[in-house]
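As a basis for the values below, the full set of heavy atoms in this structure was taken, side chains included, without hydrogen atoms, waters or symmetry mates. Naming: A, B, ... by sequence-line order, numbering from 1 per chain. Remember, it's a predicted structure, so these values are computed and weren't measured experimentally.
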Protein chains: 2
Amino acid sequence: MVAKTETFSNPPARDKLLDAAIGLMRDRGYNATTVDHICVEAGVTKGAFFHHFKSKEAIAEAAVDEWCRRRVARYTEDLGDPSDDPLARIDRWLDGLIESVREPVERPVCLLGMLSQEMAGSNSRMRTVCQAKLEGWTGLVAQLLDAARRIHAPRRDFDSLQIGWMLNSLWQGSLLVAKTRRDPEVVANNLRHAKAYIGTLFANG
Amino acid sequence: MVAKTETFSNPPARDKLLDAAIGLMRDRGYNATTVDHICVEAGVTKGAFFHHFKSKEAIAEAAVDEWCRRRVARYTEDLGDPSDDPLARIDRWLDGLIESVREPVERPVCLLGMLSQEMAGSNSRMRTVCQAKLEGWTGLVAQLLDAARRIHAPRRDFDSLQIGWMLNSLWQGSLLVAKTRRDPEVVANNLRHAKAYIGTLFANG
DNA sequence: CGAAAAATACCGACCGGTTGGTATGGTAGC
DNA sequence: GCTACCATACCAACCGGTCGGTATTTTTCG
């Protein structure tokens, strides 16, 4: 939050704890992940944990933050050159999403979706955090769609923010289904339909 | 012991426990819902709980079952006359979904989605249960789409099961987003886009 | 029928293990 | 000697589940 970040003198304990928390909470969720387990996974003791994070909830917040940071970094990479055709960038981005769940190491689980589902109804603080992340992501998509509209003739009017929310919802729901069915392919299929739908919004989609 | 206020009119403790479990787990999820809390909410003791359900996991399974039973009952009602035009039935069904989240009393939360998200990754038994429910629901939608294809000329070929999964995914994701944003309207918007997309599948959509 | 017997429904104190969190002490670098 | 960093021991609350016992309903059988 402060301009002067502590990243330069960061011993690995905090990072290892964050990685462990992300991994465990992605698999089991918040409540089923214990502080002790995070410590074991990170290879540090509880003293280190509560030195770096004031509570379990605090590391969950930090984990969501870090998770979203990494996702955005990947999306930015997938989108490619900002001067390219926005529609092409959206296509590349969706293709990146499809590919990402196909990578064997990368289970089709989103920490943000997991914690939103589990905590939004009972923990107002985490709900707010997740809401902000969700809105940030959707806003990015909406900007891309707006940019596309400025270049391509829209076949019919549409609310880009609404489309953004639809894509976000479809993405989260797809991950849920893919995890439950143990079949990531549903994500690919769903996103293909999403691409087709976006195509119908533009004249030469 | 206090005078029997309602014990005599056979108020099945099991039903009250199930209702309580559904309500609490829909709000807080599985792990954050304690057996004690379910008992208090149901107004029965722990003895009654473990008489009717052999474990906490068992009541979660039963709760999912009962929840899906109720949902299917509602969907069947919304679908209306089976001899009607399948496309009209699908439309009525989607409208029913939109309306359902607008009812103030009915928070936009699906127990099936909640437990799928929370447990599918760590509890293989519950994962299987949820998978079966998800597949049952999707199969129903696919049947409707197949029926529609038999009557209406499809503008282009499509896999009805795949469309079913997309609708299911979009529904679950929409609920997740609606809950996190505290705005059920996103569900309505998303389902409207889904209706539009289904329209593009048929000639006179 | 009616009483004994058995199954069912429910109660609530209790238990062993777990949980998030604390208190305290140590150590390395400035 | 001060601060950042980490280790160990410990705790009070809580959790899922057990258990011995009681009340009520259903079944068995003379």
J.: Counting the atoms with a prime plus P, OP1 and OP2 as sugar-phosphate, which does B/Lys46 contact under 4.0 Å by heavy atoms, base, sugar-phosphate, or nothing?
T.: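 Base contact.
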J.: Which residues satisfy the side-chain contact (heavy atoms from CB on, under 4.5 Å) test with A/Glu106, sequence neighbours excluded?
T.: A/Arg26, A/Trp67, A/Arg71, A/Glu103
J.: With sequence neighbours left out, write down each residue that passes side-chain contact (heavy atoms from CB on, under 4.5 Å) with B/Arg182, or none if nothing qualifies.
T.: A/Arg127
J.: Using heavy-atom distances to pick each residue's nearest nucleotide on DNA chain D, tell me which of B/Gly47 and B/Lys56 is more 5'.
T.: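 Per heavy-atom nearest nucleotide, the more 5' residue is B/Lys56.
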J.: Taking atom C1' of D/dT8 as reference, at what distance in whole Å does atom CZ of A/Phe50 sit?
T.: 14 Å
J.: Not counting sequence neighbours, list each pair that qualifies as a salt bridge (charged side-chain N to carboxylate O under 4.0 Å, His left out) and has a residue in residues 76-86 of chain A.
T.: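 Every salt bridge (charged side-chain N to carboxylate O under 4.0 Å, His left out) pair that includes a residue of residues 76-86 of chain A, provided the two are not neighbours, is A/Arg74-A/Asp78, A/Asp84-A/Arg92.
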J.: Without decimals, in angstroms, what is the distance between B/Phe53 CZ and D/dG16 C1'?
T.: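 Checked: the CZ to C1' distance equals 16 Å.
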J.: With heavy-atom distances below 4.5 Å as the criterion, would you say the side chains of A/Leu201 and A/Pro154 are in contact?
T.: no
J.: Output all residues satisfying side-chain contact (heavy atoms from CB on, under 4.5 Å) with B/Glu135, sequence neighbours left out; order by chain, then residue number.
T.: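 side-chain contact (heavy atoms from CB on, under 4.5 Å) check on B/Glu135 returns A/Arg181, B/Gln131, B/Trp165.
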J.: If you compare every side-chain N and O of A/His51 against the phosphate oxygens of D/dA4 (OP1, OP2), does one of them come in below 4.0 Å?
T.: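 The answer is no; no side-chain N or O of A/His51 sits under 4.0 Å from OP1 or OP2.
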J.: Restricting to salt bridge (charged side-chain N to carboxylate O under 4.0 Å, His left out), what partner residues turn up for B/Glu99, sequence neighbours left out?
T.: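 In terms of salt bridge (charged side-chain N to carboxylate O under 4.0 Å, His left out), with neighbours along the sequence ignored, B/Glu99 is linked to no residue.
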J.: In residues 23-37 of chain A, which ones come under 4.0 Å of DNA chain D, going by heavy atoms?
T.: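 The answer is none.
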J.: Of all the nucleotides listed (D/dC6, D/dG17, C/dA9), which has the minimum atom distance to the side chain of A/Ala13?
T.: D/dC6
J.: Using whole Å, report how far NZ of A/Lys54 lies from C1' of C/dT22.
T.: 16 Å
J.: Distance check needed: D/dT25 P versus B/Arg14 CZ, whole Å only.
T.: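 So the CZ-P distance, B/Arg14 to D/dT25, works out to 20 Å.
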J.: Please report, rounded to the nearest Å, how far the P atom of C/dC14 is from the CZ atom of B/Phe49.
T.: 22 Å
